[in-house]
Amino acid sequence: MDDNMHLLAKNSELIAQIHEELPNLKSEFENIKSLRNQTVNDENFNSAINSVYQIFQYVPLLTSHLNSFDMPLFRARPNDQKNVLFSKETEISYNSTNKSVIRAGRFNGPNQAVFYASLPVDDGDINPSMAACLETCKGLTDQHYPVHLKDFTIGRWKIQSPFFVVNLCFDEEHLKGNRSLKHATEVYIKTIKDCLNKEASDFIISFFTYFSEMSGRKTPTKNEYYILTALFYAVKYYYQKSVNQIVYGLIYPSAMTEAKGLNVVLTTDAVDKYLRLDKVAMYRFMLDNQNTFYATPCSKAVDIKNGRFILLDHIWIPENKLYTIECESETGPLKEMK
């Protein structure tokens with residue numbers, strides 16, 4: 001059982017406090033919901049952080065260890081130039097050199113670098129490498145701005161030592177492919193229901209389901225971006241201040257894989273301290289005349305040495321072949337094809 005669940009099950013004082021504070025917790029939750037329709041500014045962003053933090057003072061979170069016994073994490077980087085290959089770890093990791101180009105994402109503000117990756121799933125019917133590509137390029141699933149031909153460079157990252165993340169995925173469809181996370185979530189929900197009255201347990205489950213659904217939305221709004229980022233801020237701040245523990249990331253549903261994958265967002269510190277780039281390879285996505293994608297390896301998988309790699313046996317694209325220069329982001333259309 002998660003440590004927070006042990007704490008709740010044995011802490012009659014905390015259980016009483018949750019019941020007593022429930023009206024205030026509901027009020028904070030309503031404030032968060034209202035911010036979806038308000039102007040995005042520093043005041044409202046801080047209001048979202050504060051409301052989430054106030055709830056976390058009473059509501060236990062579902063923490064999880066990512067450890068060396070887990071399968072690796074996968075991160076994809078689109079190749080925006082035809083037949084131009086990456087050769088450095090820094091080119092396919094988080095953006096550490098040109099933060100001014102970083103736009104707001106699901107869990108990061110503008111100019112803020114984080115590390116998004118796909119988690120492996122037990123019994124899953126989607127390769128985590130493919131899931132990573134789908135998450136990186138909306139044009140692979142968008143009929144309005146389809147990608148016709150696109151290469152992706154995929155890094156496989158191994159975990160060197162355990163670190164804490166919070167599981168934000170409360171969606172059964174996504175969890176069914178990962179037995180350990182599914183079991184942990186079921187234990188969490190059962191403990192909440194056993195320890196608290198129905199009104200309190202319903203509130204906590206609805207709170208986490210709300211954020212689980214928002215984080216797994218295919219195209220979040222600008223307001224949802226900053227609310228999710230506020231959640232991540234509040235998680236990190238709460239754990240560091242209240243229990244002197246660092247939480248390095250969040251597990252959340254995959255938006256682009258039709259409930260078949262799981263994603264994780266990590267701080268850059270987690271990458272620097274606990275991850276090691278293990279292998280790199282390339283995949284190519286091609287759209288046929290029936291609007292069906294085919295994905296196939298277009299290079300060998302190679303090792304990393306001193307932060308560098310040389311991709312071997314890359315299948316070159318003919319100069320007269322149309323190539324999608326840039327994938328559509330969630331805030332703009334595709335660039336032209338060349």
Student: Would you find a donor on one side and an acceptor on the other, under 3.5 Å apart, between the side chain of Y226 and the backbone of L35?
Tutor: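 Here the side-chain-to-backbone pair exists.
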Student: Would you say the side chain of T97 lies within less than 4.5 Å of the side chain of T90, judging by non-hydrogen atoms?
Tutor: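 A side-chain contact under 4.5 Å is absent here.
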Student: Start with the C-alpha gap between T267 and D269, add the side-chain angles, then the distance that decides, and say whether side chain to side chain donor-acceptor pair (under 3.5 Å) holds.
Tutor: CA-CA 5 Å; T267 64; D269 284 345; 5.2 Å; no
Student: Only one of F74, Y94, Y116, F115 forms a ring pair (Phe, Tyr, Trp, His ring centres under 6.0 Å) with W157, so which one is it?
Tutor: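 Exactly one option meets the ring pair (Phe, Tyr, Trp, His ring centres under 6.0 Å) with W157, and it is F115.
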Student: Could you give me the CA-CA distance, side-chain angles and deciding distance for E213 and R217, then say whether salt bridge (charged side-chain N to carboxylate O under 4.0 Å, His left out) is met?
Tutor: CA-CA 6 Å; E213 291 176 350; R217 199 180 308 281; 5.8 Å; no
Student: Please confirm whether the backbone N or O of N108 pairs with a side-chain atom of T229, one donor and one acceptor, at under 3.5 Å?
Tutor: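 Side chain of T229 to backbone of N108, a donor-acceptor pair under 3.5 Å: yes, one is there.
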Student: Is V243 reachable from V59 through a run of hydrophobic residues whose side-chain heavy atoms are each under 4.5 Å from the next?
Tutor: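 Cluster IDs for V59 and V243 match.
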Student: Would you indicate whether the side-chain heavy atoms of L119 and N178 approach each other to under 4.5 Å?
Tutor: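 Contact flag for N178/L119 side chains = no.
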Student: I'd like to know whether the aromatic ring centres of F163 and H65 sit less than 6.0 Å apart in this structure.
Tutor: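 No, the ring centres sit 6.0 Å or more apart.
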Student: Under a 3.5 Å cutoff, is there a donor and acceptor pairing between the side chains of N223 and T221?
Tutor: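 There is no such pair (donor and acceptor under 3.5 Å, judged by atom type) between the side chains of N223 and T221.
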Student: Could you tell me whether K26 and E30 have a side-chain N and a carboxylate O separated by less than 4.0 Å?
Tutor: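 Salt bridge flag = no for E30 with K26.
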Student: At their closest point, which heavy atom of M256 faces which heavy atom of R106, and how far apart are they?
Tutor: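 Closest pair (atom of M256, atom of R106, distance): CE-NH2, 4.3 Å.
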Student: Test D303 against F309 for side chain to side chain contact (heavy atoms under 4.5 Å, CB included), laying out the working first.
Tutor: CA-CA 6 Å; D303 296 323; F309 53 90; over 6 Å; no
Student: Determine whether P220 and M214 make a side-chain contact, defined as any pair of heavy atoms from C-beta on separated by less than 4.5 Å.
Tutor: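 No, their side chains stay 4.5 Å or more apart.
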Student: Evaluate V235 against L168 for side chain to side chain contact (heavy atoms under 4.5 Å, CB included), listing each step before the verdict.
Tutor: CA-CA 11 Å; V235 167; L168 196 61; over 6 Å; no
Student: Does a side-chain N-to-carboxylate-O contact under 4.0 Å join K193 and D202?
Tutor: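 Looking at D202 together with K193, the answer is no, because their closest N to O distance does not fall below 4.0 Å.
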Student: Is it true that the side chains of Q57 and S242 contain a donor and an acceptor less than 3.5 Å apart?
Tutor: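 On atom types as modelled, these side chains do not qualify, holding no pair under 3.5 Å.
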Student: Check for a donor-acceptor pair, side chain of N46 on one end and backbone N or O of D42 on the other, with a separation under 3.5 Å.
Tutor: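 Yes; at least one donor-acceptor contact below 3.5 Å.
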Student: Parallel, tilted or perpendicular: which one describes the rings of F208 and F56, with boundaries at 30° and 60°?
Tutor: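 F208 and F56: parallel rings.
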Student: Could you check whether atom CG of N98 has more than 12 heavy atoms from other residues, nucleotides or ligands sitting under 6.0 Å from it?
Tutor: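 Yes, enclosed.
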Student: Under a 3.5 Å distance rule, please check whether E28 uses its side chain to pair with a backbone N or O of V52 as donor and acceptor.
Tutor: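 No: the side chain of E28 does not pair with the backbone of V52.
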Student: Ignoring hydrogens and angles, state whether a donor on the side chain of T39 or N44 is under 3.5 Å from an acceptor on the partner side chain.
Tutor: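 Result is no, nothing qualifies.
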Student: Does a donor on one side chain and an acceptor on the other come within less than 3.5 Å for Y323 and N83?
Tutor: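 No, no side-chain donor-acceptor contact under 3.5 Å.
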Student: Ignoring hydrogens and geometry, is there a side-chain-to-backbone donor-acceptor pair from R276 to K158 under 3.5 Å?
Tutor: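 No; judged by distance alone, with no hydrogens or angles, the pair does not exist.
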Student: Tell me if the CZ atom of R308 is crowded by more than 12 foreign heavy atoms within 6.0 Å.
Tutor: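 Not more than 12 within 6.0 Å, no.
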Student: Any luck finding a side-chain donor-acceptor pair between T153 and D151 under 3.5 Å?
Tutor: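 Not at all, the side chains of T153 and D151 share no donor-acceptor pair under 3.5 Å.
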Student: Strictly distance-based, threshold 3.5 Å: is any side-chain N or O of H174 a donor or acceptor partner for the main-chain N or O of S254?
Tutor: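 Confirmed, H174 side chain pairs with S254 backbone.
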Student: Test side chain to side chain contact (heavy atoms under 4.5 Å, CB included) on V271 and S93 and set out the steps.
Tutor: CA-CA 9 Å; V271 181; S93 183; 4.1 Å; yes
Student: Less than 6.0 angstrom separating the ring centers of Y239 and F164, yes or no?
Tutor: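 Distance test on ring centres: not under 6.0 Å, no.
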Student: Minimum heavy-atom separation for I32 and S51, please, with both atom names.
Tutor: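 Scanning both residues completely, I find the closest heavy atoms to be CG1-CB, 3.6 Å.
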